[in-house]
Engineer: 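Could you have a look at this structure, given as structure tokens, before my questions?
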Number of protein chains: 2
Amino acid sequence: MEKSKDYGEILKNKKMRNTKHRKSVIEIIELNGQPITAEEIFLKLKGHNVTISLSTVYRVLEALTSNGLISKSSVTDDNKNLFEINSLEHKHHLFCVKCRKLFSVNGCPLEDYEKDLENKFGFEIEGHKLEMYGRCECCKRNDKNI
Amino acid sequence: MEKSKDYGEILKNKKMRNTKHRKSVIEIIELNGQPITAEEIFLKLKGHNVTISLSTVYRVLEALTSNGLISKSSVTDDNKNLFEINSLEHKHHLFCVKCRKLFSVNGCPLEDYEKDLENKFGFEIEGHKLEMYGRCECCKRNDKNI
DNA sequence: ATTCATGCAAACGGTTTGCACGCAT
DNA sequence: ATGCGTGCAAACCGTTTGCATGAAT
């Protein structure tokens, strides 16, 4: 079995204090694989018998975000923030309007398009946000059974 | 001077009750031209000597949103929702981070990309939001003179 | 006359913060 | 020894809701 990542090393590289809670939070986010809320992190940690307070979860998330280890997005319409590991790759999201899960998509189709617009408008594009929404495979299937 | 739009007619077409407050809110959003928060709407109305309570602003926004007259997004990271007029044309925007002007772009580069994603993830995409930001031609020029 | 919109204040829920204590350096 | 991380409870703030009143149909 593959040895799990050395989260302590990751923190050290960012000159952050290395604590059990910080390592646990990074690990949960990484294990989860898709964007996750603060409360879900809190509950999953509880499930793994890690005692942590919700406010610590928030403080850890803030620390990890401002050190660039994770990123925060607010795509959902219920005012809950979502956190995910900050991969170097540029990515976008697919939001399922039914189960409200957020799926990450690596890569970006917009490079050529942005170049065209820059030429056309004399605009210098620094970045963009792209959200797509719809129904995930799972929810499509369930709809048919109703 | 051009006559302002008949917001009463717009509400009537949606079979919505035609009230002064609803018309005012639509008008403010339309005048504003770029996405605006509930509180900003409230303050702008106050500035126009329209007395309305903040909760009514929220209720009007909910009514307008669910009738498809405006749309709601939560792109900012401060947990405030933004509202804008729902235009029929599919278009995107270039937002200048310096002068805060908004440039409309007709058309959309995402159709093929979305088909790919649908095949890849089994996701059924219903729509998307794309914002690009940067500097417009004018502001680029001014930067060089500093 | 009926139904729905509004104002007010209070509730709600996700997030932040003050304070005292504990742990990493 | 010091400064930063943590737990707890309370505060915060954008948003929602219950209730009584008022306006639109």
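Throughout, protein chains are lettered first and strands after them, A, B, ... in sequence-line order, and every chain is numbered starting at 1.
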Engineer: Does any N or O in the side chain of A:E40 come within less than 3.5 Å of the main-chain N or O of A:T37, such that one atom is a donor and the other an acceptor?
Structural biologist: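 Judged by distance alone, yes, a pair lies under 3.5 Å.
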
Engineer: Should A:H21 be listed as having a side-chain N or O under 4.0 Å from OP1 or OP2 of C:dC23?
Structural biologist: no

Engineer: Report the distance from atom NZ of B:K12 to atom CD1 of B:I10, rounding to the nearest 0.5 Å.
Structural biologist: 13.0 Å

Engineer: Please state how far atom CG in A:L11 lies from atom P in D:dC4, giving the value in whole angstrom units.
Structural biologist: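 The answer, rounded to whole Å, is 16 Å.
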
Engineer: Check the phosphate of C:dT6 against B:T56, side-chain N and O only, distance under 4.0 Å to OP1 or OP2. Yes or no?
Structural biologist: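 False: B:T56 side-chain N/O out of range (4.0 Å or more) of C:dT6 OP1/OP2.
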
Engineer: Step through the shown structure and confirm whether more than 12 heavy atoms of other residues, nucleotides or ligands are within 6.0 Å of CD on A:E111.
Structural biologist: no

Engineer: Roughly how far, to the nearest 0.5 Å, is CG of A:N86 from NZ of A:K72?
Structural biologist: 13.5 Å

Engineer: Kindly compute the distance separating CG (B:N81) from OH (B:Y58), expressed to the nearest 0.5 Å.
Structural biologist: 7.5 Å

Engineer: Closest-nucleotide mapping onto DNA chain D: is B:T19 or A:K20 further toward the 5' terminus? I mean the 5' end.
Structural biologist: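 Mapping each residue to its closest nucleotide by heavy atoms, the 5'-most match is A:K20.
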
Engineer: Separation of B:K23 atom NZ from C:dA5 atom C1', in whole Å?
Structural biologist: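 Atom-to-atom, B:K23 to C:dA5, this comes out as 14 Å.
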
Engineer: How would nucleotides 15-23 of chain D be written as a contact map, 5' to 3', with B for base contact, S for sugar-phosphate-only contact and - for no contact, using protein heavy atoms under 4.0 Å?
Structural biologist: BBBB----B

Engineer: Find the distance B:E40:CD to D:dG14:P and express it as a whole number of Å.
Structural biologist: 11 Å

Engineer: Taking atom P of D:dG5 as reference, at what distance in whole Å does atom CG of A:L64 sit?
Structural biologist: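 The distance from CG of A:L64 to P of D:dG5 comes to 11 Å, rounded to the nearest Å.
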
Engineer: Is the number of heavy atoms from other residues, nucleotides or ligands within 6.0 Å of NZ (B:K20) greater than 12?
Structural biologist: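 Yes.
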
Engineer: Nearest 0.5 Å, what's the CG-OG distance between B:L61 and B:S71?
Structural biologist: 11.0 Å

Engineer: If the condition is side-chain contact (heavy atoms from CB on, under 4.5 Å), which residues does A:T19 pass it with, not counting sequence neighbours?
Structural biologist: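 Counting only residues at least two positions away or on another chain, A:T19 forms a side-chain contact (heavy atoms from CB on, under 4.5 Å) with A:H21, A:R22.
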
Engineer: Rounding to a whole Å, what distance do you find between B:L61:CG and D:dG14:P?
Structural biologist: 15 Å

Engineer: For the helix from C:dA1-D:dT25 to C:dT25-D:dA1, how many degrees between its two end axes (five pairs per end), to the nearest 10°?
Structural biologist: 30°

Engineer: Is there a donor-acceptor pair closer than 3.5 Å between any side-chain N or O of A:N67 and the backbone N or O of A:L69?
Structural biologist: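 Checked: no pair found.
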
Engineer: Considering only side-chain heavy atoms of B:V60, which listed nucleotide, D:dC8, C:dT6, D:dG5, is closest?
Structural biologist: C:dT6

